[in-house]
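Before any comments, here is the structure.
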Amino acid sequence: ALPSSPRRRSPARLDRFSQLAGLSLVMEVAPPGTFSYFDDRPYTVTAALDLVNRVLLAKGFLLIRKQDLLILVTTDKPIPASLISVVEVAELPKLADNELVTLSIPLQFIAPDALATEIEPILSTFGKTASLPRAKRVLITDLVVNLRKIHPLVVELDNASRPEPS
């Protein structure tokens with residue numbers, strides 16, 4: 001658990017957060033202003049990342065956890081796919097709500113292109129889909145909080161496309 005600290009300030013505190021989390025910080029541009037926060041509770045790395053990202057998102061920034069890196073990106077331009085971790089459904093409960101990831105979902109019945117078209121309208125501003133027809137998979141990039149809501153819909157749409165028994 002990460003200790004809570006009075007008056008966490010950016011960017012120096014982003015350095016400290018990355019150290020406590022055991023991650024290397026990659027930051028080309030620092031967010032403007034300061035981030036002050038006080039709380040007596042200890043936080044896990046995931047919970048602290050979620051809290052920091054909630055504040056950063058309001059300022060047009062986002063921290064992305066990728067392997068042993070914590071990468072600060074601006075949200076006003078497309079985020080390169082190579083920075084975003086690809087995860088399976090079972091990993092979603094372990095991730096922060098405001099973490100940007102790509103969810104890889106296997107499909108049994110619905111065509112990946114058809115599924116991508118169905119879910120496009122419910123994606124956030126960070127959301128994207130990629131169809132992998134030969135692999136019978138769809139890749140959905142979005143914040144984890146949205147992916148947790150989208151996944152059951154994907155399962156429902158996939159099952160609804162099951163062929164009728166003859």
Side-chain angles (χ1 to χ4, degrees), residues 1-2 14 17-18 21-29 31 35 43-166:
L2 294 175
L14 287 179
F17 171 64
S18 69
L23 302 168
S24 298
L25 180 64
V26 177
M27 178 173 65
E28 291 186 21
V29 178
F35 169 43
Y43 285 88
T44 64
V45 170
T46 299
L49 178 61
D50 190 47
L51 178 72
V52 171
N53 267 343
R54 274 190 282 159
V55 173
L56 287 173
L57 279 166
K59 294 180 178 240
F61 288 84
L62 183 68
L63 281 171
I64 295 177
R65 185 170 26 177
K66 176 81 175 194
Q67 296 165 335
D68 60 347
L69 299 176
L70 197 56
I71 306 161
L72 183 72
V73 297
T74 60
T75 60
D76 61 350
K77 54 188 170 201
I79 299 168
S82 62
L83 297 181
I84 303 169
S85 294
V86 178
V87 301
E88 299 294 326
V89 174
E91 296 173 74
L92 288 180
K94 302 173 203 160
L95 300 172
D97 283 351
N98 291 296
E99 200 161 350
L100 185 67
V101 298
T102 296
L103 181 62
S104 176
I105 305 174
L107 302 171
Q108 293 180 26
F109 307 108
I110 193 168
D113 290 338
L115 179 79
T117 302
E118 288 279 339
I119 63 170
E120 287 278 340
I122 60 174
L123 297 174
S124 76
T125 55
F126 298 105
K128 295 183 214 186
T129 61
S131 301
L132 303 174
R134 291 177 64 193
K136 292 284 287 176
R137 281 189 173 269
V138 67
L139 302 177
I140 308 169
T141 301
D142 211 333
L143 295 174
V144 169
V145 67
N146 297 332
L147 292 172
R148 287 185 187 127
K149 295 172 190 170
I150 291 169
H151 179 256
L153 179 59
V154 168
V155 171
E156 185 179 319
L157 289 167
D158 193 33
N159 286 332
S161 297
R162 180 184 305 227
E164 295 290 325
S166 346

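Just so it is clear, the model here is predicted, and its values are computed rather than measured.
- In this structure, Lys136 and Pro106 have side chains that are not in contact, with every pair of non-hydrogen atoms separated by 4.5 Å or more.
- To the nearest 0.5 angstrom, Leu62 atom CG is 8.5 Å from Glu99 atom CD.
- In this structure, Phe109 and Pro163 approach most closely via the heavy-atom pair CD2-CD, 3.6 Å.
- Between Ile64 atom CD1 and Ser85 atom OG the span is 8.5 Å, to the nearest 0.5 Å.
- To the nearest 0.5 Å, atom CD1 of residue Ile84 and atom CG of residue Leu139 are 11.0 Å apart.
- Judged by distance alone, with hydrogens and angles left aside, the side-chain atoms of Thr141 form no donor-acceptor pair with the main-chain N or O of Thr102 at under 3.5 Å.
- Thr125 OG1 to Leu143 CG: the interatomic distance, rounded to the nearest 0.5 Å, is 7.5 Å.
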Verdict with reasoning, Leu14 to Val52, per side-chain contact (heavy atoms from CB on, under 4.5 Å): CA-CA 9 Å; Leu14 287 179; Val52 171; 4.0 Å; yes
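- Thr46 is not listed as a side-chain neighbour of Lys94, based on a closest heavy-atom distance of 4.5 Å or more.
- Between the Glu120 side chain and the Thr117 main chain, no donor and acceptor come within less than 3.5 Å of each other.
- Nearest heavy-atom pair, Ser131 versus Ala116, reported as atom, atom and distance to 0.1 Å: OG-CB, 3.7 Å.
- The shortest side-chain heavy-atom distance between Leu49 and Tyr43 does not fall under the 4.5 Å cut-off.
- Note that NZ of Lys59 is 15.0 Å distant from OG1 of Thr74, once rounded to the nearest 0.5 Å.
- Although no hydrogens or angles enter the test, the distance criterion places a donor-acceptor pair under 3.5 Å between the side chain of Asp158 and the main chain of Ile110.
- Residue Leu123 comes nearest to Lys128 through the heavy atom pair CD1-N, 3.7 Å, listed as atom of the first residue, atom of the second, then distance.
- Looking only at distances, a side-chain donor or acceptor of Asn53 sits under 3.5 Å from a matching main-chain atom of Asn98.
- For the salt bridge (Lys or Arg N to Asp or Glu O under 4.0 Å) test with Asp97, the passing option among Lys149, Arg148, Arg54 is Arg148; the others fail.
- Side-chain N or O atoms of Ser124 include one that pairs as donor or acceptor with a backbone N or O of Phe126 at under 3.5 Å.
- The shortest distance between side-chain heavy atoms of Val26 and Lys66 does not fall below 4.5 Å.
- Annotation: side chain of Leu100 is not in contact with side chain of Val73 (no heavy-atom distance under 4.5 Å).
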Quick one: do Val45 and Arg65 satisfy side-chain contact (heavy atoms from CB on, under 4.5 Å)? Show the steps, please. CA-CA 11 Å; Val45 170; Arg65 185 170 26 177; 3.9 Å; yes
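- Between Val144 and Ala96, the shortest heavy-atom contact is CB-O, 3.2 Å.
- Taking CG of Leu103 as the reference point, atom CD1 of Ile150 lies at 9.0 Å (rounded to 0.5 Å).
- The two atoms that bring Ser18 and Leu70 nearest to each other are CB-CD2, 4.0 Å, heavy atoms only.
- In terms of heavy atoms, Leu72 sits closest to Pro31 at CD2-CD, 3.5 Å.
- Put simply, the side chain of Thr129 does not reach to within 4.5 Å of the side chain of Leu115, judged on heavy atoms.
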